[in-house]
Amino acid sequence: MDDSDKRNRIFFSDHSIVNHLRFFKRKGKKVMNKENMRLWDKKQKGWVEEPFWVGTNDTYVIQSNGKFQEVSADQYILQKSTGKTDQNLKEIFEGDLVESQVGGQKIEIKYGRYKAFCPADQEYMDNIGFYAACEGYMDMPIGPLEEYAVWIGNIFKRGDEN
């Protein structure tokens with residue numbers, strides 16, 4: 001047994017999951033665990049509650065009732081965690097909406113390319129990562145959300161519907 005097999009056995013307690021993931025690796029499809037990600041089902045209009053893994057060939061592997069199903073990514077939207085929380089310690093993801101407790105602005109958390117001002121160079125520069133998008137303001141890095149933001153919902157549902 002090589003080191004990667006040992007790591008898989010430690011990481012995945014369910015032996016069937018390990019075998020299934022090995023099957024996808026043999027077929028040239030890399031997989032990634034869903035830790036710190038969430039998956040929105042466009043057809044069902046809800047979050048996927050079952051365990052899932054992300055493949056590199058525009059597919060997801062969803063475990064339901066002990067069986068694994070490879071599905072097309074076209075039906076789903078994957079959102080990454082920022083690794084940060086709001087003032088109430090709620091984990092914040094890409095696509096979440098927060099309200100600034102400083103100025104009351106409604107802010108959408110996004111991930112991708114944006115321009116941010118660099119004071120040292122006195123110019124706007126391209127960045128890639130999580131950023132705050134707010135009407136009437138330039139896109140900006142999200143900063144310490146736990147110091148100024150409260151989660152109010154996400155782009156799919158208002159806070160009282162989640």
Side-chain angles (χ1 to χ4, degrees), residues 3-4 7-8 10-12 17 21 24-25 28-63 70-162:
D3 288 340
S4 65
R7 281 193 302 274
N8 284 341
I10 293 168
F11 186 73
F12 298 105
I17 293 173
L21 295 178
F24 280 97
K25 286 180 183 178
K29 299 177 181 182
K30 296 182 181 178
V31 292
M32 180 169 58
N33 184 277
K34 77 163 192 161
E35 188 174 321
N36 297 325
M37 292 182 256
R38 64 185 184 191
L39 198 58
W40 177 260
D41 186 325
K42 295 179 197 177
K43 289 182 183 174
Q44 300 296 322
K45 297 193 182 322
W47 300 110
V48 172
E49 299 295 331
E50 295 85 5
F52 69 88
W53 293 265
V54 180
T56 57
N57 296 338
D58 292 327
T59 62
Y60 299 115
V61 177
I62 298 175
Q63 180 183 6
E70 185 176 21
V71 296
S72 170
D74 295 339
Q75 180 182 331
Y76 301 92
I77 297 173
L78 182 73
Q79 295 183 320
K80 297 170 278 312
S81 171
T82 63
K84 298 183 179 201
T85 63
D86 72 351
Q87 289 182 333
N88 298 320
L89 302 178
K90 179 164 179 62
E91 185 175 16
I92 303 297
F93 286 81
E94 162 187 21
D96 278 348
L97 305 173
V98 297
E99 183 176 321
S100 170
Q101 300 304 287
V102 177
Q105 298 89 351
K106 307 287 192 272
I107 301 166
E108 181 181 342
I109 305 301
K110 294 185 172 188
Y111 183 86
R113 183 178 298 252
Y114 68 100
K115 290 199 177 281
F117 187 75
C118 176
D121 294 329
Q122 292 294 301
E123 67 177 299
Y124 285 90
M125 304 177 90
D126 284 334
N127 290 285
I128 296 176
F130 291 101
Y131 64 98
C134 180
E135 190 172 321
Y137 293 87
M138 293 284 298
D139 294 339
M140 62 193 95
I142 59 175
L145 293 170
E146 67 281 358
E147 293 179 13
Y148 73 87
V150 172
W151 181 89
I152 57 173
N154 60 58
I155 59 174
F156 306 114
K157 295 183 175 183
R158 295 188 322 261
D160 57 355
E161 296 175 341
N162 282 300

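Here, residue 1 is the first one in the sequence, and each next residue gets the next number.
For G112 against Y131, the heavy-atom pair with the smallest separation is N-CE2, 3.8 Å. The two residues I142 and A132 make their nearest non-hydrogen contact at CG2-N, 3.7 Å.
Contact annotation: the side chain of K115 approaches that of D126 to within less than 4.5 Å [non-hydrogen atoms, C-beta and beyond]. The shortest distance between side-chain heavy atoms of Q75 and D41 falls below 4.5 Å. Contact of the F93 side chain with the N154 side chain is not registered, since no non-hydrogen atoms from C-beta on lie closer than 4.5 Å. Within the 4.5 Å cutoff, the side chain of I109 has heavy atoms near those of the L145 side chain. Put simply, the side chain of I155 does not reach to within 4.5 Å of the side chain of W40, judged on heavy atoms. Side-chain contact between Q122 and F117: present, with at least one pair of heavy atoms (C-beta onward) separated by less than 4.5 Å. Side-chain contact between L97 and K106 is absent, with no heavy atoms from C-beta onward closer than 4.5 Å. The shortest distance between side-chain heavy atoms of M138 and Y124 falls below 4.5 Å.
Distance alone, capped at 3.5 Å, is enough to place a donor-acceptor pair between the Q79 side chain and the E94 backbone. In this structure a side-chain-to-backbone donor-acceptor pair under 3.5 Å is missing from N88 to K90. In terms of modelled atom types and a separation under 3.5 Å, the side chain of N36 and the main chain of S81 share no donor-acceptor contact. With hydrogens and angles ignored, the 3.5 Å screen pairs a side-chain donor or acceptor of T82 with a backbone N or O of I92. Within the 3.5 Å criterion, the main-chain N or O of L89 finds no donor-acceptor partner in the side chain of E91.
Comment: K84 does not engage D96 in a salt bridge, judged by the lack of any side-chain N to carboxylate O separation of less than 4.0 angstrom.
Figure legend: cation-pi geometry between K80 and Y111, with NZ or CZ positioned under 6.0 Å from the six-membered ring centre and within 45° of its axis.
Considering OH of Y148 and CD of Q105, their distance stands at 9.5 Å, rounded to 0.5 Å. If you take SG on C134 and NZ on K110, they are separated by 11.0 Å, rounding to the nearest 0.5 Å. The structure places CD of E99 at 13.0 Å from CH2 of W151, a figure rounded to the nearest 0.5 Å.
No more than 12 heavy atoms of other residues, nucleotides or ligands lie within 6.0 Å of OH in Y137, so this atom counts as exposed by the packing criterion.
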